[in-house]
Protein chains: 2
Amino acid sequence: MGVTRGKLAKRTGCNAETIRYYEKIGLMPEPSRSTTGYRQYNQEHEQRLQFIMRGRELGFAIEDLKSLLELVDRKVVSCGEVSRLARIHLASVHQKISDLQRIEDALSKTLRSCSGENVPECPVIDALFLGTDKF
Amino acid sequence: MGVTRGKLAKRTGCNAETIRYYEKIGLMPEPSRSTTGYRQYNQEHEQRLQFIMRGRELGFAIEDLKSLLELVDRKVVSCGEVSRLARIHLASVHQKISDLQRIEDALSKTLRSCSGENVPECPVIDALFLGTDKF
DNA sequence: GCTTGACCCTGTAGTCACTACAGGGTCTAT
DNA sequence: ATAGACCCTGTAGTGACTACAGGGTCAAGC
């Protein structure tokens, strides 16, 4: 009863080594073992792993997911606490986006003044060396 | 003649340990030393470090900066090659932004359906567990 | 029954770009 | 002379994995 690590990996799309890693850091519980020591995963493990994978896709840190899963495990899921964590995360995603947009802006401005030809004057290099006010 | 590592750190705003790290990985050259073994940095080192710092701020990877600085060192800076590297980097910044925007979208959509009150039904947790088509 | 190959186990080291010690030496000011 | 701020080296830690090395196990085919 129960699937091996490799099969769980295939079913979820998670790397098999990553599953072992999640167990090591306490994000996935230790599953039961076969007589020969093979891990045996059940439906609950699969759901939990998918929870983790969806959370990671949304950019939640491992620690965030630990907190969320702890709430689930203790069955004290309160929408208040969850939405607080999610809003904090949303704010940091927002911050990352605007940082990257600033970078994109500076880069594309500099590239626009670049001929792209094989001439030795390069505005990209100059901008990095001289620090124009673009950055 | 020349400033110590700590002083270069202060002048550039770079962490002093980071300067040592950049030397170790071959991004900064080994400077000359005082009789007692202290590193002595000059103007050229400072310019190079600022180049690196501006590049990092723009999200260039260390390896990218190595490539760019190699072109500079060999005095074969051709705008063609530089702009090629910069365009590749710009594309990856662009990709990151749109990934994050997708995440932002999914998160804020889910949060909108969340009351934020202390009720046990939480759409954020449900979304992670059940995998709604939002993600 | 034996072999082959695909799986599983463990622990450890590598990735990236730093950061933070520990355990020593040096420099400057009082 | 001594205190405190600096400098040196090497190493270990971060986050989130990934990739071995060196073994054991399982299922299929012959």
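These numbers come from the heavy atoms of this one structure, side chains and all, not from hydrogens, waters or symmetry mates. To find a chain, count down the sequence lines: A is the first, B the second, and so on, and within it residues start at 1. Computed from a prediction, not measured in an experiment: that's the story for all the values here.
Electrostatic pairing of A:Glu57 and A:Arg54 does not count as a salt bridge here, judged by no charged N lying under 4.0 Å from a carboxylate O. The pair A:Asp73-A:Lys66 does not count as a salt bridge, with every side-chain nitrogen at least 4.0 angstrom from each carboxylate oxygen. Ion pairing between B:Arg74 and B:Glu70 holds under the 4.0 Å rule for side-chain N and carboxylate O.
The CG atom of B:Asn15 sits 12 Å away from the C1' atom of C:dA17 (whole-angstrom rounding). The distance between atom OH of B:Tyr21 and atom P of D:dG13, rounded to the nearest whole Å, is 17 Å. At whole-Å resolution of the value, CG in A:Leu8 and C1' in C:dC7 are 15 Å apart. The nearest whole Å value for the distance from the NZ atom in B:Lys7 to the P atom in D:dC8 is 12 Å. Note: CD1 (B:Ile19) to P (C:dC18) measures 12 Å, nearest angstrom. As a whole-Å value, the separation of A:Met53 CE from D:dA16 P is 15 Å. One can place OH of B:Tyr22 at 8 Å from C1' of C:dC18, the figure rounded to the nearest angstrom.
The structure places CD of B:Glu23 at 5.0 Å from OH of B:Tyr41, a figure rounded to the nearest 0.5 Å.
Checking D:dT11, D:dC20, D:dA16 against the side-chain heavy atoms of A:Glu17 singles out D:dC20 as nearest. Here D:dT9 is the nucleotide among D:dA16, C:dT12, D:dT9 with the atom lying nearest to any side-chain atom of B:Arg5. Residue A:Arg39 has its side chain nearest to C:dC9 when only D:dC20, D:dC8, C:dC9 are considered. Taking only side-chain atoms of A:Ile62, from C-beta outward, the nucleotide of D:dC8, C:dC8, D:dA16 with the closest atom is D:dA16. Looking at the side chain of B:Arg20, the nearest of the listed nucleotides D:dG10, C:dC8, D:dA16 is D:dG10.
With hydrogens and angles ignored, no donor-acceptor pair closer than 3.5 Å exists between the side chain of B:Glu63 and the base of C:dC16.
Side-chain N/O atoms of B:Gln95 and B:Asp99 include a donor and acceptor closer than 3.5 Å.
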Taking only N/O atoms, report every protein-nucleotides 27-30 of chain C pair under 3.5 Å with atom names and distance.
from: C:dC27; atom 1: OP1; to: B:Thr36; atom 2: OG1; distance (Å): 2.6

